[in-house]
Amino acid sequence: MTTPLELMDVARTLALEAQRLVAAGRREAEVQHTKSSDVDIVTQMDIAAERLLRQRLAELRPDDGVLGEEGDDVASRSGITWVVDPIDGTVNYLYGIPHWSVSVAAVSGPPEPRAWTLEAGAVADAGGSVWSAARGEGAWRDGRRLRREGTPALGASLVATGFQYTADKRAAQGRLVAQLLPQIRDIRRLGSASIDLCHVAAGLVDAYYEHGLHPWDFAAGALIAAEAGLRVAGLDGAAPDDSLLVAAAPGAWDALHDALIAAGARTI
Ligand code: IPD
Ligand code: CA
Ligand code: CA
């Protein structure tokens with residue numbers, strides 16, 4: 001049995017290798033195709049980074065499964081599946097905004113958010129920081145342990161969020177954020193869900209919520225936030241999934257969740 005810390009080592013190594021490839025290819029980045037809408041883009045570097053991650057996983061962890069944004073699912077024979085986002089924050093990457101990451105997580109059990117157990121994760125960001133966590137062991141930014149304390153009041157909270165790529169979903173998310181904004185300190189929309197979760201873990205924002213996330217957007221970041229002491233959950237406290245993810249200090253979670261529900265979170 002591989003321990004969460006051993007899986008975290010693999011996640012860190014591979015996330016950093018892919019981050020270096022992606023960073024080196026920035027100047028040549030071009031849109032290859034679009035997905036859910038014309039603004040949901042894939043560059044050749046998303047594809048190259050995912051290829052690298054899959055090759056390295058096949059070498060190091062040949063019996064594990066893979067669930068990645070830019071490739072076909074590989075079924076697990078070991079019980080472990082790697083959930084990878086080769087570039088999280090592709091729009092930032094294309095524009096040259098240095099705020100994107102490579103996100104690599106290992107989960108056990110069925111590879112879907114309501115059923116999996118997060119074992120380990122790493123997020124290698126554009127600046128070269130590696131954020132990581134292992135189940136039951138804690139969370140780190142590079143060598144430094146992450147530990148959130150305190151319970152910020154909703155009205156004093158700086159809240160990160162993000163928006164989906166389809167126009168009708170964005171319209172609904174815009175209506176929700178318009179209702180939430182007068183109740184909080186401010187909103188941040190930085191463009192990378194995995195880094196948003198790391199930022200909550202580090203106290204760079206107080207809380208984060210988003211509707212419509214894919215498993216690879218949040219698998220590693222959710223474990224990093226949870227291991228830093230935050231509550232990471234979805235609608236009514238269920239496991240987070242594509243309906244909703246809310247990350248906040250345990251004592252502040254209900255107030256943000258309830259404000260989101262009152263603003264229409266159930267209907268997005
Ligand atoms: C996106 C980013 C963004 C979030 C979107 C994600 P991508 O991932 O994480 O911050 O708001 O929901 O899809 O497309 O850059 O991998
Ligand atoms: Ca993503
Ligand atoms: Ca991506």
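Ligands are counted one by one from 1 in listed order, and the atoms in each one are counted from 1 as well. Side chains included, hydrogens not; waters and symmetry mates left out as well; all remaining heavy atoms used.
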D85 backbone or side-chain N/O/S under 3.0 Å from the Ca ion (ligand 2): yes
Only one of V205, L190, D88, D217 clears side chain to side chain contact (heavy atoms under 4.5 Å, CB included) with D196; which? L190
Any idea which protein heavy atom is nearest atom 12 (O) of ligand 1, and the distance to it? E210 OE2, 2.6 Å
Using distance alone, decide if ligand 1 has a nitrogen or oxygen within less than 3.5 Å of any nitrogen or oxygen in S194. no
Answer side chain, backbone, both or neither: which part of R189 comes under 4.0 Å from ligand 1, heavy atoms only. side chain
Can you name the nearest heavy-atom pair linking W116 to P110, along with the distance? CB-O, 3.2 Å
What's the shortest distance from atom 6 (C) of ligand 1 to any protein heavy atom, and which residue and atom give it? D217 OD1, 3.8 Å
What residue and atom, counting heavy atoms only, is the protein's closest point to atom 16 (O) of ligand 1, and at what distance? I87 O, 3.2 Å
Are any of the N/O atoms on S192, whether in the backbone or the side chain, positioned under 3.5 angstrom from an N/O atom of ligand 1? yes
Look only at the side chain of R26 and the backbone of Y93, and say whether a donor-acceptor pair between them is shorter than 3.5 Å. yes
Non-hydrogen atoms of H99 and S192 that approach each other most closely: CD2-CB, 4.0 Å
The Ca ion (ligand 3) reached by W216 (N, O or S, under 3.0 Å): no
Under a 4.0 Å threshold between the charged nitrogen and the carboxylate oxygen, would E17 count as salt-bridged to R56? yes
Heavy-atom contact check, 4.0 Å cutoff: does L190 meet ligand 1? no
closest protein heavy atom to atom 15 (O) of ligand 1 is G89 N, 2.7 Å
Examine the proximity of ligand 1 to A193 and report which part, side chain or backbone, both or neither, has a heavy atom under 4.0 Å away. both
Tell me the contacting part of V91 for ligand 1: side chain, backbone, both, or neither, using a 4.0 Å heavy-atom threshold, strictly below. neither
Taking both backbone and side-chain atoms of G191, is any N or O found less than 3.5 Å from an N or O belonging to ligand 1? yes
Residues I80 and L7: closest non-hydrogen pair is CD1-CD1, 4.0 Å
Counting heavy atoms only, which part of E69 comes closer than 4.0 Å to ligand 1: side chain, backbone, both or neither? side chain
Identify the protein heavy atom lying closest to atom 9 (O) of ligand 1, giving its residue, its atom name and the separation to 0.1 Å. D88 OD1, 2.7 Å
Just jot down the ligand 1 atoms closer than 4.0 angstrom to any heavy atom of D85, in number order. 16 (O)
Distance from T43 atom OG1 to H33 atom NE2, nearest 0.5 Å? 9.5 Å
Specify the closest pair of heavy atoms between A220 and S103, including all atoms of both residues, with the distance to one decimal. CB-OG, 3.4 Å
With the 4.5 Å side-chain cut-off for hydrophobic clustering, are L197 and L235 part of the same group? no
If the cut-off is 4.0 Å to any non-hydrogen atom of G162, which atoms of ligand 1 fall inside it? 11 (O)
Could you identify the N, O or S atom of E69 positioned closest to the Ca ion (ligand 3)? OE1
Vertex the Ca ion (ligand 2): angle to OD1 of D88 and OD1 of D217, to 10°? 110°
Among Y93, F163, W100, Y165, which one has a heavy atom closest to atom 7 (P) of ligand 1? Y165
Please determine whether the number of non-hydrogen atoms from other residues, nucleotides or ligands lying under 6.0 Å from atom CG of D236 exceeds 12. yes
When you measure from the heavy atoms of G212 to every atom of ligand 1, does any distance fall below 4.0 Å? no
What are the two closest heavy atoms between T151 and A252, and how far apart are they? CG2-N, 3.7 Å
Taking everything shown except R145 itself, do over 12 heavy atoms lie less than 6.0 Å from its CZ? yes
Nearest heavy-atom approach of L94 to A29 is CD1-O, 4.0 Å
